[in-house]
Protein chains: 2
Amino acid sequence: MAEPLDPEMFDPVCPSSAMPIQIGDRWTAMVVLCLEGGRRRFNELRGPLRGITPKVLTQTLRAMERDGLVTRTAYDENPPRVEYELTDLGRTLLTLIAAARAWSADHLPALLEARRAHDSSPRSSLSR
Amino acid sequence: MAEPLDPEMFDPVCPSSAMPIQIGDRWTAMVVLCLEGGRRRFNELRGPLRGITPKVLTQTLRAMERDGLVTRTAYDENPPRVEYELTDLGRTLLTLIAAARAWSADHLPALLEARRAHDSSPRSSLSR
DNA sequence: TACCCCAGTATCTTTGAGGTAACCAGTATC
DNA sequence: GATACTGGTTACCTCAAAGATACTGGGGTA
């Protein structure tokens with residue numbers, strides 16, 4: 001269906017610790033990006049989504065299905081096969097995600113530097 | 001300094017239940033919008049941020065200060081006075097927030113309709 | 001003397017996000 | 001025939017964050 005996903009496509013250091021922008025749940029934007037290239041199976045998604053537990057992936061996908069962002073297709077086979085695909089509505093999030101990534105590219109270093117400076121300032125450990 | 005803030009500027013129904021885009025913590029984007037028109041005092045922010053408790057507002061502002069998004073200025077007066085103001089970095093979030101709001105204006109109705117349809121579908125309460 | 005103001009703290013309860021482990025039904029392996 | 005494996009999902013528990021409620025402090029006002 002599509003190229004295999006790059007298991008390193010997301011930096012495990014960044015996700016929610018630094019990135020101040022979030023689309024939907026913590027993993028929604030990454031799922032959208034994983035599905036950008038076409039439909040994917042459940043365990044195919046687990047690779048790039050470093051450290052996501054199957055439970056949380058199920059929750060995320062269910063919520064996205066409910067919101068009309070992805071479709072879920074289950075094939076009556078053995079072993080079972082389920083494929084997820086972006087809807088047109090889900091695809092509209094791509095531009096927004098691109099804007100968020102552009103912001104990060106432009107401004108995240110400044111934010112991290114401010115944080116570092118604040119944390120290492122002697123003032124940050126004193127009472128106000 | 002600036003016009004008083006409209007206490008109805010945010011819809012208490014929407015916040016995180018429907019809006020699939022989030023900047024920073026739950027309240028960060030709203031704080032940025034409140035500060036867009038100029039510096040504001042602590043209790044001035046509590047009005048439009050319907051239902052925020054002082055504890056959470058303090059936490060939010062402290063985190064934003066740490067990240068270099070706002071500055072905090074305390075005046076040694078009685079009663080005490082503290083003012084918060086957007087930094088240049090904080091101001092860069094405005095375009096991103098505008099993009100998120102534009103997405104919502106364009107697509108949120110479709111998302112909510114998908115959710116409503118899904119929830120009222122008999123299938124949603126059956127086993128898979 | 002009592003009370004109010006502002007900008008927060010302190011304490012407790014509730015919510016929910018996430019981790020671990022098990023499940024199912026069929027298929028391959030030994 | 002018994003065991004292990006497979007993919008997707010579920011049940012159960014834990015722990016940190018969010019929220020509700022109440023209180024602080026110190027000068028100004030009645």
Side-chain angles (χ1 to χ4, degrees), chain A residues 1 4-5 12 15-17 19-20 22-31 34-35 39-66 70-85 124 126-128, chain B residues 1 4-5 10 12 15-17 19-20 22 24-31 34-35 39-66 70-85 123-128:
Chain A
M1 179 53 53
L5 290 170
S16 65
S17 55
M19 180 82 133
Q22 201 178 320
I23 315 284
D25 296 333
R26 172 173 174 189
W27 300 97
T28 303
M30 286 186 263
V31 170
C34 287
L35 294 176
R39 55 179 55 186
R40 298 286 180 182
R41 301 181 60 176
F42 187 87
N43 279 337
E44 223 177 339
L45 296 171
R46 290 181 65 184
L49 271 35
R50 306 309 216 42
I52 194 173
T53 61
K55 189 196 87 165
V56 174
L57 180 54
T58 296
Q59 283 176 354
T60 303
L61 290 167
R62 288 274 196 277
M64 292 176 72
E65 190 191 4
R66 174 173 180 249
V70 301
T71 55
R72 176 184 187 275
T73 311
Y75 298 88
D76 195 7
E77 300 173 355
N78 265 126
R81 183 161 64 98
V82 179
E83 288 185 340
Y84 294 92
E85 188 173 18
S124 68
L126 294 177
S127 69
R128 285 171 186 274
Chain B
M1 178 54 52
L5 289 171
F10 301 115
S16 64
S17 55
M19 180 81 132
Q22 199 179 321
D25 297 332
R26 172 173 175 188
W27 299 97
T28 303
M30 285 186 265
V31 170
C34 286
L35 295 176
R39 55 180 53 186
R40 298 285 180 183
R41 302 180 61 174
F42 187 87
N43 279 337
E44 223 177 339
L45 295 171
R46 291 181 64 183
L49 271 36
R50 305 309 216 41
I52 195 173
T53 62
K55 187 192 87 166
V56 175
L57 180 53
T58 298
Q59 283 176 353
T60 302
L61 289 168
R62 291 273 197 279
M64 293 176 72
E65 189 190 5
R66 174 173 179 249
V70 300
T71 55
R72 176 184 187 274
T73 311
Y75 299 89
D76 196 7
E77 300 173 356
N78 260 139
R81 183 160 63 97
V82 178
E83 288 185 341
Y84 292 92
E85 188 173 17
R123 202 164 298 279
S124 69
S125 57
L126 294 177
S127 69
R128 286 172 185 273

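Chain letters run A, B, ... following the sequence lines, proteins first, then strands; residues in each count from 1.
Considering only side-chain atoms of A:Asn43, the nucleotide from D:dG7, D:dA20, D:dT10 that sits closest is D:dG7. Proximity note for B:Pro80 (side chain, C-beta onward) versus D:dA20, C:dT9, D:dG25: the nearest is D:dG25. With C:dC5, D:dA22, D:dG19 as the candidates, the nucleotide lying closest to the side chain of B:Pro54 is D:dA22. Of the candidates D:dA20, D:dA18, C:dT20, D:dA18 carries the atom nearest the B:Arg26 side chain, counting heavy atoms from C-beta on. Among the nucleotides C:dG19, C:dA7, D:dA18, the one closest to the side chain of A:Lys55 is C:dG19. Nearest nucleotide to the B:Tyr84 side chain, out of C:dG18, C:dG8, D:dT9: C:dG8. Proximity note for B:Arg41 (side chain, C-beta onward) versus D:dG8, C:dC6, C:dT20: the nearest is C:dC6. Nearest nucleotide to the A:Thr53 side chain, out of D:dA20, C:dT20, D:dG8: C:dT20.
Atom CE of A:Met64 sits about 10.5 Å away from atom OG1 of A:Thr71, to the nearest 0.5 Å. From B:Asp25, atom CG reaches atom CE of B:Met30 across 11.0 Å, with rounding to the nearest 0.5 Å. Once rounded to the nearest 0.5 Å, the distance linking CG of B:Leu49 with CH2 of B:Trp27 reads 5.5 Å.
Atom CG of A:Asp25 and atom C1' of C:dG18 are 12 Å apart (whole Å). Across the protein-nucleic acid pair, B:Gln59 atom CD and C:dT11 atom C1' stand 14 Å apart, rounded to whole Å. In this structure, B:Glu77 atom CD and D:dG27 atom P are separated by 14 Å, rounded to whole Å. In this structure, B:Leu57 atom CG and D:dT21 atom P are separated by 18 Å, rounded to whole Å. The separation between B:Arg62 atom CZ and D:dA17 atom C1' is 18 Å, rounded to whole Å. Computed from coordinates, the A:Arg81 CZ to C:dG26 C1' distance equals 16 Å when rounded to whole Å. Across the protein-nucleic acid pair, B:Arg46 atom CZ and D:dA20 atom P stand 11 Å apart, rounded to whole Å. For the pair A:Asp76 CG and C:dA25 C1', the interatomic distance rounds to 11 Å; values are reported in whole Å.
A salt bridge is absent between B:Glu65 and B:Arg72: the closest approach of a Lys/Arg side-chain nitrogen to an acidic carboxylate oxygen does not fall below 4.0 angstrom.
Searching all strands for a Watson-Crick or G-U wobble partner of D:dG7 with both distances below 3.5 Å returns C:dC24. Judged by Watson-Crick or G-U wobble contacts below 3.5 Å, the nucleotide C:dC30 has D:dG1 as its partner.
Under 4.0 angstrom from either OP1 or OP2 of D:dA17 there lies no side-chain N or O belonging to B:Trp27.
Among the protein residues, B:Tyr75 comes within range of no part of the nucleic acid, since none of its heavy atoms lies under 4.0 Å from any strand.
The shortest side-chain heavy-atom distance between A:Cys34 and A:Tyr84 does not fall under the 4.5 Å cut-off. The closest side-chain heavy-atom distance from A:Leu61 to A:Leu45 is below 4.5 Å.
With the nearest nucleotide of DNA chain D identified for both B:Val56 and B:Asn78, B:Val56 has the one nearer the 5' end.
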